[in-house]
Amino acid sequence: MTRTRAERGAPTIRDVATAAGVSNATAARALGGYGAVSEEARRRIDDAAAALGYRTNSLARSMITGATNTLGLIIADIENPFFARATRGFTDAAREEGFEVVVTNTDEDVDTERTAVRLFMEKQVDGLVVAPATQAMTEHLQAALDAGTPVVLLDRRVPGLAADSVLVDNRKASEAAVAHLTQHGHRRIAIVTGASLAELEAGAARSGRHLLSTGKNRIDGYLAALRRAGITPQDEYIKVGDFHRDAAGGMTRELLALPIPPTAIFTTDGIISLGVVEALQEHGLAMPEQMSVVGFDDPEWALVVRPRLTVVAQPVYELGRRAAQRLIARIRGDVARPRRHHLPTELIVRDSVTHWSG
C-alpha cells in the first residue's frame with residue numbers, strides 16, 4: 001500500500017500552513033508561486049517551510065500554473081569548447097531568472113535532435129534553445145512552435161522558421177579572416193570546415209545546398225575574400241567533413257598531398273583548428289613559415305601553442321546568455337517579430353600568419 005507524504009513523515013502544505021498561522025489555500029499559493037499573497041504571510045510561510053524541511057511538489061505546481069520553470073537546451077556536442085562555454089552562459093542567465101536547464105547532445109544527428117525535441121515537449125519544458133543539425137529537416141522545430149512552445153536558435157538559423165536566432169555575422173567575420181591572409185600575400189588559401197551527418201549523407205557538403213547556415217556563411221565569407229583579392233577559388237582547396245578533430249586532420253593531409261598545396265589554411269571551428277595544427281606538426285611543417293593558419297573560435301589552447309594562433313574570437317558566453325534572455329522573454333509574453341540577434345566578433349592577430357612572396 002502506498003503511503004502518503006504525511007504517513008512517511010514528510011511535511012505537507014497543511015503542516016506549513018499550521019506552523020505559519022495561515023490558511024491551507026494561502027500556503028499553497030505561496031509555495032506554488034501563483035496567486036496573491038502578502039509579503040508578511042509569504043515570509044512566515046517561507047520560514048515555516050524551511051524549518052519543517054518542506055519540499056515543493058514541482059509536478060503539482062506545474063499542473064496549477066502551466067509552467068515548469070525548466071528550459072531545454074539542445075546542442076551539438078558539450079565536449080566542443082564552443083558549446084561548453086555557450087552552455088555556461090545559458091545556464092547562468094536562466095538561473096538568474098529562476099529557471100533550471102536540461103541539456104542534451106545531438107552529435108549533429110537530426111534524428112537525435114527530433115527525439116530530444118519530442119522528449120522535452122513531453123516533459124513540458126517552458127521553452128527550447130536549439131543548435132539545429134540541419135536547416136533542411138526542421139519540421140519538428142516548427143511543430144514545437146505550432147504547439148506554443150517558444151524556440152530560439154543558437155549559433156545557427158533556419159530560413160522560414162519564425163524563431164529568434166542568436167549568432168554572429170559569420171560571413172563578415174570569415175571574410176575578414178581570409179582577407180588577413182590575402183593581405184599577407186597568400187593566394188593559395190584552403191578552407192577546412194564541418195557539416196552535420198545528415199548533410200554529409202545528403203551530399204550537401206559538396207553542393208552547398210542546405211549546409212548549416214553557420215558553415216555556409218563561413219564558406220561564403222571565404223569565397224568573397226578570395227574574389228575581392230582577385231583570386232579564383234579552387235575546388236580542391238575547399239574541404240568539408242564532420243566536426244571531429246580526426247576528420248580535420250585527414251582533410252589537412254589531403255591538402256598537403258596536392259600537387260600544388262596551399263600556403264595558408266582557414267579553419268572554421270576550434271576543434272577543426274586543433275586537428276589541422278596537429279596534422280601540420282605530424283608532417284613537420286613549421287607554422288607560419290611553411291603554412292599560415294587562421295582559425296574561427298578562440299579556444300584556450302590557441303594561446304598555449306607556439307606560434308600562438310591568429311583567430312576570429314566570438315563572444316561565446318554572451319551568445320549563450322543572450323539565447324536564454326530571448327527565450328525567457330518569449331516565455332513571458334514577448335510577441336515582437338522574430339529576428340536575428342548578431343553579436344560582434346574580433347579578429348585577434350597573433351603569430352600564425354606570415355607574409356608569403358612565393
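If you're wondering where the values come from, they're calculated on a predicted model, not measured in any experiment.
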Would the distance check show the side chain of [X] and the main-chain N or O of [Y] forming a donor-acceptor pair, the cut-off being under 3.5 Å?
{"X": "Thr138", "Y": "Thr134", "result": "no"}
{"X": "Gln234", "Y": "Thr232", "result": "yes"}
{"X": "Thr345", "Y": "Val312", "result": "no"}
{"X": "His184", "Y": "His180", "result": "yes"}
{"X": "Arg308", "Y": "Arg350", "result": "no"}
{"X": "Tyr222", "Y": "Pro233", "result": "no"}
{"X": "Ser174", "Y": "Arg171", "result": "no"}
{"X": "Asn105", "Y": "Ile78", "result": "yes"}
{"X": "Asp269", "Y": "Ile271", "result": "yes"}

Could you check whether atom CZ of Arg44 has more than 12 heavy atoms from other residues, nucleotides or ligands sitting under 6.0 Å from it?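 Yes, enclosed.
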When you look at CZ of Arg118, are more than 12 heavy atoms from neighbouring residues, nucleotides or ligands closer to it than 6.0 Å? yes
Kindly give the heavy-atom pair with the smallest separation between [X] and [Y], and that separation in Å.
{"X": "Leu255", "Y": "Pro261", "value": "O-CB, 3.5 Å"}
{"X": "Val240", "Y": "Ile219", "value": "CG2-CD1, 4.3 Å"}
{"X": "Leu167", "Y": "Arg340", "value": "CD2-CB, 4.3 Å"}
{"X": "Ile272", "Y": "Thr267", "value": "CG2-CB, 4.0 Å"}
{"X": "Ala76", "Y": "Glu108", "value": "CB-OE2, 3.2 Å"}
{"X": "Asp126", "Y": "Ile331", "value": "O-CG1, 3.4 Å"}

Path from [X] to [Y] over hydrophobic side-chain contacts below 4.5 Å:
{"X": "Phe266", "Y": "Ile238", "value": "yes"}
{"X": "Tyr317", "Y": "Leu343", "value": "no"}
{"X": "Met291", "Y": "Leu181", "value": "yes"}
{"X": "Val158", "Y": "Val130", "value": "yes"}
{"X": "Val304", "Y": "Val353", "value": "no"}

Find out whether [X] and [Y] are in side-chain contact, i.e. whether some heavy atom of one side chain is under 4.5 Å from a heavy atom of the other.
{"X": "Ile75", "Y": "Asn80", "result": "no"}
{"X": "Gln290", "Y": "Leu280", "result": "no"}
{"X": "Arg114", "Y": "Met137", "result": "yes"}
{"X": "Gln314", "Y": "Phe296", "result": "yes"}
{"X": "Thr310", "Y": "Leu347", "result": "yes"}
{"X": "Leu309", "Y": "Ser273", "result": "yes"}
{"X": "Val129", "Y": "Leu71", "result": "no"}
{"X": "His186", "Y": "Ile231", "result": "no"}

Please evaluate residues Tyr237 and Ile260 with respect to the criterion side-chain contact (heavy atoms from CB on, under 4.5 Å), reporting the C-alpha separation (whole Å), side-chain torsions for both, the decisive distance (0.1 Å), and the verdict. CA-CA 10 Å; Tyr237 289 162; Ile260 303 177; 3.9 Å; yes
So, [X] and [Y], do they make that salt bridge, N to O below 4.0 Å?
{"X": "Glu300", "Y": "Arg85", "result": "no"}
{"X": "Asp351", "Y": "Arg306", "result": "no"}
{"X": "Asp47", "Y": "Arg43", "result": "yes"}

Exactly one of Leu153, Asp146, Leu128 clears side chain to side chain contact (heavy atoms under 4.5 Å, CB included) with Leu141, and that residue is Leu153
Could you give me the CA-CA distance, side-chain angles and deciding distance for Thr149 and Phe120, then say whether side-chain contact (heavy atoms from CB on, under 4.5 Å) is met? CA-CA 10 Å; Thr149 300; Phe120 279 151; over 6 Å; no
From [X] [atom1] over to [Y] [atom2], what is the distance, rounded to the nearest 0.5 angstrom?
{"X": "Glu278", "Y": "Asp246", "atom1": "CD", "atom2": "CG", "answer": "8.0 Å"}
{"X": "Leu223", "Y": "Arg228", "atom1": "CG", "atom2": "CZ", "answer": "13.0 Å"}
{"X": "Gln183", "Y": "His355", "atom1": "CD", "atom2": "NE2", "answer": "9.5 Å"}
{"X": "Thr26", "Y": "Ile45", "atom1": "OG1", "atom2": "CD1", "answer": "6.0 Å"}
{"X": "Met251", "Y": "Thr193", "atom1": "CE", "atom2": "OG1", "answer": "7.5 Å"}
{"X": "His341", "Y": "Leu319", "atom1": "NE2", "atom2": "CG", "answer": "12.0 Å"}

Testing the 3.5 Å rule here: is there a donor-acceptor pair between the side chains of [X] and [Y]?
{"X": "His244", "Y": "Asp242", "result": "yes"}
{"X": "Asn69", "Y": "Glu100", "result": "no"}
{"X": "Thr12", "Y": "Asp15", "result": "yes"}

Among Arg330, Arg157, Arg339, find the one that has a salt bridge (Lys or Arg N to Asp or Glu O under 4.0 Å) with Asp164.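 Testing Asp164 for a salt bridge (Lys or Arg N to Asp or Glu O under 4.0 Å) against Arg330, Arg157, Arg339 leaves exactly one candidate, Arg330.
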I'd like to know whether Arg42 forms a salt bridge (charged side-chain N to carboxylate O under 4.0 Å, His left out) with Asp46, so could you lay out the CA-CA distance, the side-chain angles of the two residues, the decisive distance to 0.1 Å, and finally the verdict. CA-CA 6 Å; Arg42 189 180 300 277; Asp46 287 345; 5.8 Å; no
Carefully, step by step, assess Glu289 and Thr354 under the rule side-chain contact (heavy atoms from CB on, under 4.5 Å). CA-CA 7 Å; Glu289 291 82 5; Thr354 192; 5.6 Å; no
Yes or no on side-chain contact (heavy atoms from CB on, under 4.5 Å) for Gln135 and Arg156, after CA distance, side-chain angles and deciding distance? CA-CA 9 Å; Gln135 63 178 20; Arg156 301 159 185 181; over 6 Å; no
